[in-house]
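Below is one structure, written out as structure tokens, with a few remarks after it.
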Amino acid sequence: MIEKLKALESLARQLQPSSAQRNEWHQQVAHYASEFLDNLEDKKAFKQATSDNPDAARDFFFSLEERANPLVGLLSDIEEHIDQHGINPASAGHMGYIPGGGVYPAALGDYLAAVTNRYAGVFFASPGAVHLENDLLSWMCQLMGFPEDSVGNLTSGGSIANLTAIVTAREAQQLRAKDFERAVVYLTEQTHHSIQKAIRISGLSECQIRYVETDSKNGMLPTALDKTIRQDKQKGLIPFFINATLGTTNTGAIDPIDDIAKIASEKALWLHVDAAYGGFFKLVEGMSSAFSGIEKADSITLDPHKTLFLPFGTGAVLIKNKKALMEAHHYQADYMQDTISETGEPGQKFDRSISPADISPELTKHFRGMRLWLPLKLFGLAPFRAALEEKLILTQYLYQKLASKDGFEVGPEPELSVTIFRYVPAKIDPNQFNQELIKRIQLDGDIFLSSTLIDQVFWIRVAIVNFRTHLSHVKKMVKIIEREVKAIITQ
Ligand SMILES: *Cc1c(COP(=O)(O)O)cnc(C)c1O
């Protein structure tokens, strides 16, 4: 038995590399990361599979063997088969969907969280890690004007944050399976699809969904909301949840939160504000009127991997009703008996020791707080505020530029940093023309834009969110758009 153990130990100890080995790996990874970042400006924002790069990424098989592999070879596999294909989310030219960029020190935070393997799920296991995450959430609650006894959870993204909010609303409103067919949710056509997905995942797919009418800027019409709720109540239905969006994904539109909040409160509905994209613009001075009423919401979704520029994998949900959040998510298990935390009373200050595992579906989780805290502390808040304000102004600049150009049509004046445009040619069908235009822009790949359909009209979307995107990149984008328009017209 001892001989066998010795043999196994000698092999297993390979999982504990020496400090010389660690340093060597470290240098190789740091070198790779530096090359990647230093050459970012020259790299494509998007590389589509074409005949001269016939799907190199798709054919490659990341196979596993018994033997060890040198790191250098693995890094070149990453470079060749991952980092050169598809969208480059770190690129300043990525202005499709909602980019974020990925601030560098977040990677160092992830590194530290992984090396120490700190467990941030329950207070008992790491009071420091749980405090850090809860302090970040408390800061977000303060930013949104939530009362001191609110709570929050760092999620993997906005979709899970929205799901957590809906599940909590379902519990808080005491909906039971027999009620689901009569339960009503209010959204607009512009609501992010993760809300519908969350309704389905939370077991509510039989509920009624009302798409409330919107105004010319794609914001929800409170009068229409009010009327629909009243009609539904008369029919004996159970209106229970309103989703308002602060910064829609399509056009960055802001629903009139304050008016919606009044209706929600009068009629006792749960108001959720999906501010996954727009939320952190509250850091910009002068933006508070757009957020008016957000403090009256019952729950808010934020996405630090969008407007705090973090790498993908960090969202947040803020919830006022701690009791409902706990009722929806808490657990008890014999093997966890050492970890059960005290539950604070309502009215108590933000509970810094509440365990994430008691208020989310997760038990064991990534210590996400570290990747968020480290950049915010290292840089301070000022450059984040500046980058966000810069994005708002760049979007105004782009909007005015495109609006002044012959043949271009722009959407509603941007409220945040997403804007839509299309080229309306004299003879060709505009939808067909703009489909061709987006295809050409994407094939070129120096910048990446995406598109959307609003009332059957095909628009090209520009989302200026990446912290690396500055004036020179926006100017370059305008040139590329004009060049491709010309190329289609003259072909
Ligand atoms: C991005 C987004 C989501 C989804 O968030 P993920 O982080 O992608 O899961 C939800 N709502 C809005 C408004 C968004 O912009």
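Start at 1 and go down the list; that is how both ligands and their atoms are numbered.
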Shortest non-hydrogen contact from Phe281 to Ser417?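 Minimum heavy-atom separation between Phe281 and Ser417: CZ-OG, 3.6 Å.
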
Run through ligand 1 for me and note each protein residue having a heavy atom under 4.0 Å from it, chain first, then residue number.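 Residue list for ligand 1: Gly157, Gly158, Ser159, Asn162, His192, Ser194, Gly247, Thr249, Asp274, Ala276, Tyr277, Asp303, His305, Lys306.
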
Residues in ring pair (Phe, Tyr, Trp, His ring centres under 6.0 Å) contact with Tyr97, at least two apart in sequence or another chain: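 For Tyr97, the residues satisfying ring pair (Phe, Tyr, Trp, His ring centres under 6.0 Å) (neighbours in sequence not counted) are Phe448.
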
Under the ring pair (Phe, Tyr, Trp, His ring centres under 6.0 Å) test, residues paired with Phe467 that sit two or more places apart: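 Counting only residues at least two positions away or on another chain, Phe467 forms a ring pair (Phe, Tyr, Trp, His ring centres under 6.0 Å) with Phe309.
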
Is Glu362 salt-bridged to Arg368, cutoff N-O under 4.0 Å?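 Yes, charged N to carboxylate O under 4.0 Å.
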
In terms of side-chain geometry, is the basic nitrogen of Lys262 or Asp258 positioned less than 4.0 Å from the acidic oxygen of its partner?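 The answer is yes: the pair qualifies as a salt bridge.
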
Taking only residues two or more places apart in sequence or in another chain, which ones pass side chain to side chain contact (heavy atoms under 4.5 Å, CB included) with Ala224?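 If we apply the side chain to side chain contact (heavy atoms under 4.5 Å, CB included) test to Ala224, skipping adjacent residues, the hits are Val212, Glu213, Leu221.
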
